[in-house]
Amino acid sequence: MSAPLLQVRGLAVRYGGIEAVKGVDLDVYQGELVTLIGANGAGKTSTLKALAGLLRPAAGEVLLDGRPAGGVAPHQLIRQGLALVPEGRGVFPRLTVAENLDMGAYARSDTAAIAADLERVFGMFERLHERRGQKAGTLSGGEQQMLAIGRALMGRPRLLLLDEPSMGLAPLMVQKIMAVIRQVASEGMTVLLVEQNARLALQAAQRAYVMEGGRISFSDTAQACLGDPRVRAAYLGE
Amino acid sequence: MDIFLQQLVNGLVQGSIYALVALGYTMVYGIIELVNFAHGEVVMVGALVSLSVIQRLADRGLSGWGVIAAGILVSIPACMALGFAIERVAYRPLRRAPRLAPLISAIGVSIALQQLAALIWGRNFLHYPEVVARTPFHLGGAVITEVQLVILATAALLMAGLWFLVQRTRLGRAMRATAQNPAVAGLMGVDVDRIIATTFLIGSALAAVAGTLVGTYYNVGNHTMGFLLGMKAFTAAVLGGIGNLQGAMLGGLLLGVIENLGAGYLGNLTGGVIGSNYSDVLSFLMLVAVLVLRPSGLLGERSAEKV
Ligand SMILES: Nc1ncnc2c1ncn2[C@@H]1O[C@H](COP(=O)(O)OP(=O)(O)OP(=O)(O)O)[C@@H](O)[C@H]1O
Ligand SMILES: [Mg+2]
C-alpha cells in the first residue's frame, strides 16, 4: 500500500497537568472511511482537535500527505486539505445558512467550482436550500449538523474529520447524516469519523480504532470489530 | 428660534461623532470581548495630529475644507499605526490571560498616551485655526452651520461604508464569523490574528476622523480630551448594545440628542436649579438606567445567545 494520507505517531495532548491523549498511532489511507470510537472522555475530541490544529500536541508526529502537520495553525491546515466538523457543530449562529456555507469556502478562490459545490451541497441537503436566507442559530439541531457538514464540504477537503455528527439527533436525522457521510466517502473523500454510536460507525466504516483512556486499545476492520466479543460487550451493549 | 429643533440638530451632530467613536469600542468588544479603554486616547491623538497639520496649512490661501481633509488624511494613518501597535503590544500577549489583565493594560496605555501627547503638544488647550466659515443655514426654526452639515455627511458616509464592508464583503463576513466563534473561523481558513488587527485598524481610522471633526467643531483640543469623549462613546455603545454595530450608531445619535435636549430644557424644567452644565451627568445617569433595565442594551442580544 502507498503512504497514508494521514499518519499519526505517538500523539499526546495535555491540558495543564492532565494528559488526555497518551501516545496515539493511527493511519488513514486515501479514500478510506475510518472510525474512531470510544467512551466518554476517552480522548477522541482531543485527538481530532490536535489533528485540526486547535490544540498543540504535547508530543508525537502528524503527517498529512507526508508533510508535517503537528502544531500547524488551523487556517493553514485547511489549505492543505484538512477540514473538521467540530463536536457540537459550531455553526455561526448570526450568519445566514448561505453565509455559513460561504465561510466553508473561505480559503478557496476558484469561484466557478465553489458555485458548483454549493449546488452539490444544496442537492444533498434540500432543507439547507430552503433555509438559505435564515440565521443558522434558528435551525434545528439536525439542520445545524447538515449545515456544519455542508460547510466543511464547501472547503473541498481531501481529509474530512467528523466529531460525533449523530450526537443529540433523532433517529431519522441520524440516518440522513450517515447516508451523506457514506455518499461523500463513496465518491472518494477520505473520512475519519469519531462516534459514540459505535454500531452506526462500524456499519459505515471500513476500519476502526477503539480508544480507551487516551490510548488506542484495539484496531481492526470494521467487520471484525462488529464480531469481536470485547467490542460487542463494551460498545455495542451486548 | 425653535429650541427643540435646534437642540435636535445639535444633538444629531454631536451624536454622530459619538457614534463614530462608539463603533471602535463595539467592534473591538465584539471580536475579543475587551473594553479598549485606550480608544478615547486614539481619538485624542487623531485630533491633535490633525490640529498640527491644520495649523501648518492655515493662512496659505488653501481652501478651508482642503486643509481639514489634509488633517484627516494624515491623522488616519497615524491613528491606524497607533491602534495596530496597541493591539500588538498591549493586548495580544494577554489574549489568554484572565480578563482583568488586558483591561488594566488598556488603562495603562491610556495614561501613557495622555502623557506622551502632553510631551508633544503641551498641557494647554490648543485652538484650531478657523479655516472654514461658520456660514449658517436656516432650517425651519433652527440654524445649521456648514461645519455641522459636513460632520453629519461625513459620519453618515463612513457608517454606510462600514455597514457595507461588514455585511457585504468577504472580509466583513470573516469579521462577523470571528466575532461569533473564533476557533471555528480559524478552521474555515480565517487568520484570526489578522482579523483582530484589521478590526483595530478600522476602529482607529474612524477615531482619526472623529477626532478631527470634534476638534474642528469645538475649536479646542488637548491631551485629556479623549477621556470624556471616550467615556461618552462607550456609554453610547453600551446603550445600543455593545458588540452590535447598528447599536453603536443608534446609541451615539440617541446620546447626543438626549444630552442636547437635556441641556436645552434642564434649566427651564427645574427653575434654574439644575443648569445645562449637568448634561454630562445626564448621559451617565442614562448609562446606569440602561444597565439596570436592559443590560444587553437597546439592540444587543441576550448575553446567553452570544457564542
Ligand atoms: N479543555 C479541557 N481542559 C481540561 N481537561 C479537558 C479539556 N477538554 C477535555 N478534557 C479532558 O480530557 C479527557 C478527554 O476528553 P475528550 O473531550 O477528548 O473526550 P471524548 O472522547 O471526546 O469524550 P466525549 O465522547 O464525551 O466527547 C477528558 O478526561 C476530559 O475531561
Ligand atoms: Mg468528544
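Treat the numbers as computed from the prediction; the structure is a model and nothing was measured. Chain identifiers are assigned alphabetically (A, B, ...) following the order of the sequence lines, protein sequences preceding nucleic acid strands; residue numbering begins at 1 within each chain.
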> Side chains of B:Q180 and A:V91: does their closest heavy-atom pair fall under 4.5 Å?
no
> Roughly how far apart are A:M103 CE and B:T178 OG1, rounded to 0.5 Å?
6.5 Å
> Taking all heavy atoms of A:E99 and all of B:R176, pick out the closest pair and write down the distance.
OE2-NH2, 2.9 Å
> Would you say that more than 12 heavy atoms from the other residues, nucleotides or ligands in this model lie under 6.0 Å from the CD of A:E187, or not?
yes
> What closest approach, in Å, do A:A107 and B:G189 show between heavy atoms, and which atom pair accounts for it?
CB-CA, 4.5 Å
> Among A:I78, A:L84, A:L95, single out the residue with the greatest number of heavy-atom pairs under 4.5 Å to chain B.
A:L95
> What are the residues of residues 48-61 of chain A, in order of number, with any heavy atom under 4.5 angstrom from a heavy atom of chain B?
A:A52, A:L54
> Taking 4.5 Å as the heavy-atom cut-off, does anything in residues 195-207 of chain B contact chain A, and if so which residues?
none
> Within the 4.5 Å heavy-atom criterion, are A:R151 and B:V184 side-chain neighbours or not?
yes
> Under the criterion side-chain contact (heavy atoms from CB on, under 4.5 Å), I'd like the reasoning laid out for B:D191 against A:H75: C-alpha separation, chi angles, the key distance, then a yes or no.
CA-CA 6 Å; B:D191 185 343; A:H75 72 269; 3.6 Å; yes
> How about B:M188 and A:F92: do any of their side-chain heavy atoms sit closer than 4.5 Å?
yes
> Please check if the number of heavy atoms outside A:F122 that lie under 6.0 Å from its CZ is greater than 12.
yes
